[in-house]
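Heads up: numbering here begins at 1 and tracks the sequence.
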Amino acid sequence: MSTSDTARRILSAPSFKFVLVLVLILALTIPLLFVYALVYEREQRARQATTSISQMWGGRQTMAGPYIAVPTERARVSGAGANAQTVTERNFAVFLPETLNVTSDLKTEERRRGIFTVPVYRSTHAFEGRFAPATAEKISQSVDRVLWQEAVIVVLVSDVRGIVEGITAELGGLGSRAFRAGSGLQGRHGGAIHIPVSEQEASNGFSFKFSLGLRGSQVARFMPAGGDTNVAMAADWPHPSFSGGFLPDSRSISEAGFEATWSIPRLARGTAQTQLVSNLGGLRVSRSEFGVDLFQPVRFYSLAQRALKYAIGFIGIAFFAVFIMEVQARRRVHWIQYLFVGLALVIFYVLLIGTAEHIGFDLAYLAASTATSLLIGVYFGSVVGSRLKGFVLFALLGIIYALLYLLLRLEDYALLVGSIAAFVTIAIVMFVTRNIDWGRGIDTEKPPQAQPAE
């Protein structure tokens with residue numbers, strides 16, 4: 001046998017084609033990386049649209065308070081020996097209300113920036129509760145002076161630009177007083193509004209009642225500011241995602257919206273009724289926040305990114321199906337034709353994300369998977385000269401895409417479904433290829449039968 005014959009036999013062997021298919025699968029990771037970068041870029045544009053709308057409308061809102069905040073001073077010695085000097089340390093004594101009840105109502109809207117939609121809301125939050133007498137004896141740490149002349153009632157709002165109107169509080173026994181902008185205290189304490197109070201008013205204790213009109217986007221959360229905090233929230237958004245340090249005690253969700261209630265006792269809050277802090281912004285402890293995210297059920301980009309993580313596996317299954325049918329059909333499929341099939345499978349993801357931005361993920365997935373399966377099925381059928389094999393590949397790709405959709409939707413069971421699918425796939429491949437002579441081709445000859453003895 002000549003060298004050329006040996007080379008021709010090697011190049012035509014199924015084992016060589018199998019290795020070539022593996023190389024092509026690995027090579028397709030390059031265009032898949034470009035697709036992943038495209039999905040990331042589109043996701044960033046969506047986030048920029050969300051940020052842009054939030055900056056003009058009102059951002060993610062977290063409300064904390066009301067509190068009574070009083071500046072304190074304490075002298076301490078800094079340094080030693082000749083370098084010792086006395087400095088005045090300024091902190092804030094914060095008195096939490098004994099009870100706090102909030103009734104919150106959200107009316108949602110959708111704002112668009114280009115093709116991107118962002119949920120925003122107008123909300124009304126009715127606060128009601130009572131402060132116990134606030135006295136210096138309740139401050140747990142020693143201080144030299146308590147500056148009662150600077151005492152204020154303060155409410156922290158993460159984005160004060162969302163406040164839509166003036167706010168007047170009814171203070172039991174003290175009459176009506178309007179909130180003022182800022183914290184009313186020296187230093188930077190984040191977004192806040194305040195009402196000045198005197199030492200006598202704070203030391204007697206009083207009830208309070210006010211309503212806060214607020215615009216925001218995506219998130220509405222509260223801090224457990226009272227000794228006992230009770231929040232009742234209602235909104236017309238049908239897809240709430242309850243988040244934060246406390247889940248609601250009760251909730252009701254329908255197509256018309258949701259209702260939820262939280263009841264947080266002081267022991268669960270884990271902090272004292274009187275605190276000494278260096279900055280009021282520290283009262284916003286993220287692990288204690290609770291509330292709702294206006295969840296958008298169509299997550300184009302996160303679903304597309306998850307689908308891309310399975311791409312190599314599913315392209316491999318499709319290639320091996322083409323390979324097996326090629327060997328069985330005894331009609332050569334050029335590696336360039338394999339590459340065309342692979343590129344069609346890659347373009348599926350571009351088609352998916354491009355159409356999902358306009359018609360929704362489910363319809364886009366159905367359209368992109370059907371178009372891709374039909375294209376590859378017709379193409380392969382014409383290459384091998386068999387409509388039946390083209391239809392078989394079309395049906396197989398339909399099953400593959402159905403499995404991928406199932407993996408995307410069943411997040412908690414994705415590993416279980418994926419592992420079972422992988423096991424079934426390798427079992428089918430092993431069974432179908434059991435008669436292939438990987439060095440010469442398919443062994444179609446029957447084994448020789450023993451001749452009868454004469």
For the atom pair CD1 (I163) and CG (L214), what is the distance rounded to the nearest 0.5 Å?
6.5 Å

Nearest-0.5 Å distance, CG of residue L28 to CG of residue L345
8.0 Å

pair P240-L294: side-chain heavy atoms closer than 4.5 Å:
no

So, do E128 and F210 sit near enough that their side-chain heavy atoms are less than 4.5 Å apart?
no

Answer with yes or no whether the side chains of Q61 and S158 bring together a donor and an acceptor at under 3.5 Å.
yes

Is a donor on one side and an acceptor on the other found under 3.5 Å between the side chain of T229 and the backbone of G226?
yes

What do you reckon, are the aromatic ring centroids of F314 and Y401 less than 6.0 Å apart?
no

Smallest separation among heavy atoms of L393 and A321, with atom names:
CD1-CB, 4.2 Å

Atom CH2 in W262, atom CZ in R251: separation rounded to 0.5 Å?
10.0 Å

Does the side chain of V152 reach to within under 4.5 Å of the side chain of I195, using non-hydrogen atoms?
no

For F242 together with F290, are the ring centres under 6.0 Å from each other?
no

How long is the span from the CG atom in L404 to the CD1 atom in I399, to the nearest 0.5 Å?
14.0 Å

Just checking, any donor-acceptor pair under 3.5 angstrom between side chains of H194 and S183?
no

Is the closest side-chain donor-acceptor distance between N91 and T72 under 3.5 Å?
no

Is there a donor-acceptor pair under 3.5 Å between the side chain of D236 and the backbone N or O of T108?
yes

Within 6.0 Å of CZ in R177, more than 12 heavy atoms from elsewhere:
yes

For Y121 and V219, indicate whether the former's side chain and the latter's backbone hold a donor-acceptor pair under 3.5 Å.
yes

Donor-acceptor pair, side chain of T372 and main chain of S369, under 3.5 angstrom:
no

Please confirm whether the ring centroid of H239 lies under 6.0 Å from the ring centroid of F258.
no

Would you say V157 and L212 make side-chain contact, with heavy atoms under 4.5 Å?
yes

Is it the case that the side chain of S373 and the backbone of T370 share a donor-acceptor pair, with hydrogens and angles ignored and the cut-off at 3.5 Å?
no

Within the structure provided, determine whether V35 and L308 are in side-chain contact (heavy-atom separation under 4.5 Å).
yes

Centroid separation F95 to F131 less than 6.0 Å:
no

So how far is it from T62 OG1 to M223 CE, rounded to the nearest 0.5 Å?
8.5 Å

Answer yes if the side chains of D249 and S263 hold a donor-acceptor pair under 3.5 Å, and no otherwise.
no

Surrounding CD of E259 (heavy atoms of other residues, nucleotides or ligands, distance under 6.0 Å), is the total greater than 12?
no

Side chain proximity check, S211 to T124, heavy atoms < 4.5 angstrom
yes

Would you call E289-R221 a salt bridge at under 4.0 Å N-O?
yes

For the ring pair Y405 and Y365, is the centre-to-centre distance below 6.0 Å?
yes

With a 4.5 Å heavy-atom cut-off, do F222 and H125 have their side chains touching?
yes

Measuring from I153:CD1 to Y67:OH, what's the distance to the nearest 0.5 Å?
13.5 Å

Residues R215 and E165 bridged, charged N to O under 4.0 Å:
no

Less than 4.5 Å apart, side chain to side chain, heavy atoms only: is that true for I68 and V94?
no

